[in-house]
Structure formats: structure tokens, C-alpha cells
2 protein chains.
Amino acid sequence: MKMALLSSSSGIAVATIKYYLREGLLPAGERHGPNQALYGPEHLRRLRVIRGLLDVGGLSIAAAHRVIDAIDSDLGLAHTFEIAQRTVSAEIEPDSVSPASVTRVDELLSGWHVSPDNPGRLAAARVLTTFDDLGQPDLSGWVPGYAAAALAVAEADLDEIDARDDRESKTEMVVIGTVLGDALFAALRRAAQEHVSVQRYSPPSP
Amino acid sequence: MKMALLSSSSGIAVATIKYYLREGLLPAGERHGPNQALYGPEHLRRLRVIRGLLDVGGLSIAAAHRVIDAIDSDLGLAHTFEIAQRTVSAEIEPDSVSPASVTRVDELLSGWHVSPDNPGRLAAARVLTTFDDLGQPDLSGWVPGYAAAALAVAEADLDEIDARDDRESKTEMVVIGTVLGDALFAALRRAAQEHVSVQRYSPPSP
DNA sequence: GTTATCGGATAGTGCAACTGTCTATACCCG
DNA sequence: CGGGTATAGACAGTTGCACTATCCGATAAC
């Protein structure tokens, strides 16, 4: 298919597709002359992946580039996982995190096998530091529930990856699932908050 | 305290604080002349809230403004909740969501009391639509786990809000918890993923 | 053969979040 | 009490990102 069709069937402007080509997000089409190239269904699909990562996952172009590279290259699953995790996690300056918060996170995660440079470990500590800075009272009734839920979700994530049969599909689920899973959970949390709130404070007539 | 001290004790540049004042994110100091004003501890605290919302919660200035206004005004808790939820949820164009995905979300949430315009409902459907567009296989083994976890987290959220005694503290937890809770869960998910992954594929010698 | 479209290069746009400069004051230390 | 520093407020400038527009020479479609 040609550029015009690729554009119309993806809903993305020609200029934008050319931009993605320049940035290396989208592989070049099959060349047939100095100003001719053909694109296949894999380009269309790739464009959908890109839009999903950008619009739903909220990634930047650079971040999307990194995770797409991770899908394309055949590193091991563990390595792919790490790239996906690091890409979706914002870089955290160590001095924005109090050592006490890190300790609290480590206690919370005691029993878990988590390496010291897991991006989530510092990110969680950063959140707790922010609560501390705001003088929030004891959150020990709140945070453990999050950890338990995160564990359940991680089990579901790994189950889903296990359920894929070929390596390529596993890799893709690792990356897409890591990125879109955050969005999915956040969305369901909103719904659940309304449900629980109604349940508790204005229960439907029994 | 004066501007210089407010800046140094918050770690935020004077020019940036002035910018927040202009934008109405930070209330003006107590005036003592045409070029003098004094700031109190509440300004310092407010700056910490702002940085938390921006850096940890990833909100824009405009979004931070909305939720801060929600904290300041004394709307009911339910209304505050709604503002917080809508602010952290990106606006979704309805035609980026397939009706089938909405139906699937509604089935997933059957038994929950969720209004049709809950921001999470559409956002969840958007994520499912993206998976559909990528031709992902059946996700019925994956998504329900997310819903269950989201319910558990929402219970923890409401428990924590209930545990606060005064209205002001409840309101603040509604807003800050909604915004930072997403970040906290995402971080703990990263840690849990590593834990479960290690547990399954390279268990420590027993 | 003429009109439309193509790939590629380059420049420009719009927005968000600051950052820097300027001016007329006011404070503060010696 | 005087000179250096700080201040509020106005406004322009900067940076980075994600596009978007324009142009060119070549090719395709009718």
C-alpha cells in the first residue's frame, strides 16, 4: 500500500507518518525508485502500536522508540521486561527520596525478591517521601493494600505472558502489557472508587 | 518568611515561584508595601503539594490548579472525588473507543455501581480497544484480575479516607490519594513483577 | 501529456513550563 | 545614612516536544 492509503487507514496524517519514519519509530517501506515506496500491513500494525503507546500509555516519542526496539530485538524476556519497566518509570533523582522512605518500602516488600535498582522500588519510595513532606499521618493502613493488589496484578501479568505460546507474542505482551497495564489499572481504580463509595455512603435501596 | 527563604527552603527557583503565583497555583503572600510580601509555612506546604502533583503525579499546571482548587473549596467529598478523578483522567474522544470494548468493560463491572460517565469506564474501554486493534488474543484471563485488584485498592482508599477525622484531611486525602495512588500502584507493580518473575523462573535455592 | 502524488529535506508552528531581564521601590548592614 | 542587595510585578525569551507545512524533483495515474 502507498503512503496515502497507510495514512487514511491508520487515521494518521501523512506528515506525521513521515515524522515517525524520520525518527525511526516506523521502519521504511519497500523502495521502488527514488520517490516510491510501498508499505505493508506490518506498517499499519506498527502505527497502531505507536499510537497506543503514545495516546494510551502516555509515552514520549523517545520512550516509545525504546520499547519498540525492545520488542524488535530478541533479548531474553527478563531483559525486555527490564527495558519496558525502566522506560515507563520516570527517572528519579536520588535526593528527592528520603532514606527513611526507602527503608519503609523495603520493609513493605520484605519477602519479595526485588533487586535494589528495581525502578519501582525508588519510585514507590518517592511517593512515600512526598506524603511525608506533606505531613501525612501514618499510612500503614493504606499502603500494604496496594502492595497486595500489586502482587495480584503481577501474577495476572505473568500468567498472561505464560499463556502466550510463541516468543514473539510473549515479548509483545511484556512490553504492551507493562505500558498499558498501568493505564488499565488506573481506569479500573476510578470505577471501583465510585462503586465502593456508593456502596458505603449511599447504598441502593435493598 | 521572604521570597528568598521560601525559595531556598522549598528548593524551587524564585522565578518559578513567581510563575506559580502568576498562574494562581500559589496564593499571594501577605503584602507590606509595593514590593514586599511575606510568606508563611502554608506557602511552603503548598509548594510541596504542587511539586508532588507535578513531579510524582505527572499533572500539568492546569490540572494541578484544578485539584488544588478542589482541595481549597469545600464541596462535598463525592464532588471533590469526581473533580480529582476527572483531572487525572485524560480526555478521551468517544470515537477512539469501540462500542464492543465498552460492553466488555460493563460486563466486567457488572455488579458494580458505576455511572455511565465515570471517567474510568471509558478509559478502561480505550485500553481494551487498543488491545483489540493490535489483534491481541482473548484477555479474559488477564483483565478480571485487574478489576479485582482495583476493587481491593479502592477499598483501601476509602478506608484511609474514613480514617481521617476532620473534613479537611479527608478532602486532601481524596485528592492527593487519587493522584499519587496511581503512581504508588504503578511503582509497586514493577517491584511485584520482578518478584513474581524471579519466583517463577529462577527461584532462589530452596 | 497533464495532473496528482510520492519520498525526502528543511523550516515553521503551537504549546507547556519555565527562565531571564527590567524597573521602581524597599530592606539591611556597616 | 548610603550603597549593595532583595523584592514585586510585568513581560519577553528559552527550551523541548510533537507535530505540521512547504518545497523540490521524480514518478504514477488517467
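Per chain, numbering begins at 1; letters A, B, ... match sequence-line order. We use all heavy atoms of the structure for the numbers below, so side chains are in, but hydrogens, waters and symmetry mates are not.
- Rounding to whole angstrom units, CD1 of residue B/Ile50 and P of C/dA16 are separated by 18 Å.
- Closest to the side chain of B/Met3, out of C/dA17, D/dA8, C/dC6, is D/dA8.
- When each of D/dA18, C/dG8, C/dT5 is scored by its nearest atom to the side-chain atoms of A/Ala4, the top-ranked nucleotide is C/dT5.
- Base engagement by A/Lys18 is indicated by at least one non-hydrogen atom pair under 4.0 Å involving a base atom.
- Taking side-chain N and O atoms only, B/Thr16 has a distance below 4.0 Å to OP1 or OP2 of C/dT19.
- Close to D/dG9, at under 4.0 Å from its OP1 or OP2, lies a side-chain N or O of B/Arg31.
- A/Leu53 has its CG atom 18 Å from the P atom of D/dC17, to the nearest Å.
- Judged by distance alone, the side chain of B/Ser10 and the main-chain N or O of B/Leu44 form no donor-acceptor pair under 3.5 Å.
- A straight line from CG of A/Asp55 to C1' of D/dC19 spans 13 Å, rounded to a whole angstrom.
- Residue A/Tyr19 places none of its side-chain N or O atoms closer than 4.0 Å to OP1 or OP2 of C/dT10.
- When rounded to the nearest whole Å, the span between CG of B/Leu25 and C1' of C/dC18 equals 13 Å.
- At least one donor-acceptor pair closer than 3.5 Å links the side chain of B/Arg31 to the backbone N or O of B/Gly33.
- Salt-bridge annotation for B/Arg200 and A/Asp159: present, with a side-chain N of the basic residue lying under 4.0 Å from a carboxylate O of the acidic one.
- The side chain of A/Tyr20 contributes an N or O atom lying less than 4.0 Å from OP1 or OP2 of D/dC19.
- The number of heavy-atom neighbours closer than 6.0 Å to CD of B/Glu42, taken from other residues, nucleotides and ligands shown, is above 12.
- Between B/His32 and B/Leu59, the residue anchored nearer the 5' end of DNA chain C, judged by the nucleotide with its closest heavy atom, is B/Leu59.
- As a whole-Å value, the separation of B/Gln36 CD from C/dC28 P is 8 Å.
- If you take CD of A/Glu23 and P of D/dT20, they are 14 Å apart, rounded to a whole angstrom.
- At a threshold of 4.0 angstrom between heavy atoms, the contacts of A/Ala37 are confined to the sugar-phosphate backbone, with no base atom among them.
- If you measure from atom CZ of A/Arg22 to atom P of D/dC19, you get 11 Å, rounded to the nearest angstrom.
- The aromatic rings of A/Phe185 and B/Phe185 lie parallel to each other, their planes meeting at an angle below 30°, with 60° marking the opposite boundary.
- As a whole-Å value, the separation of B/Asn35 CG from C/dC28 P is 12 Å.
- Backbone-only contact: B/Leu54 has heavy atoms under 4.0 Å from sugar-phosphate atoms and none from a base.
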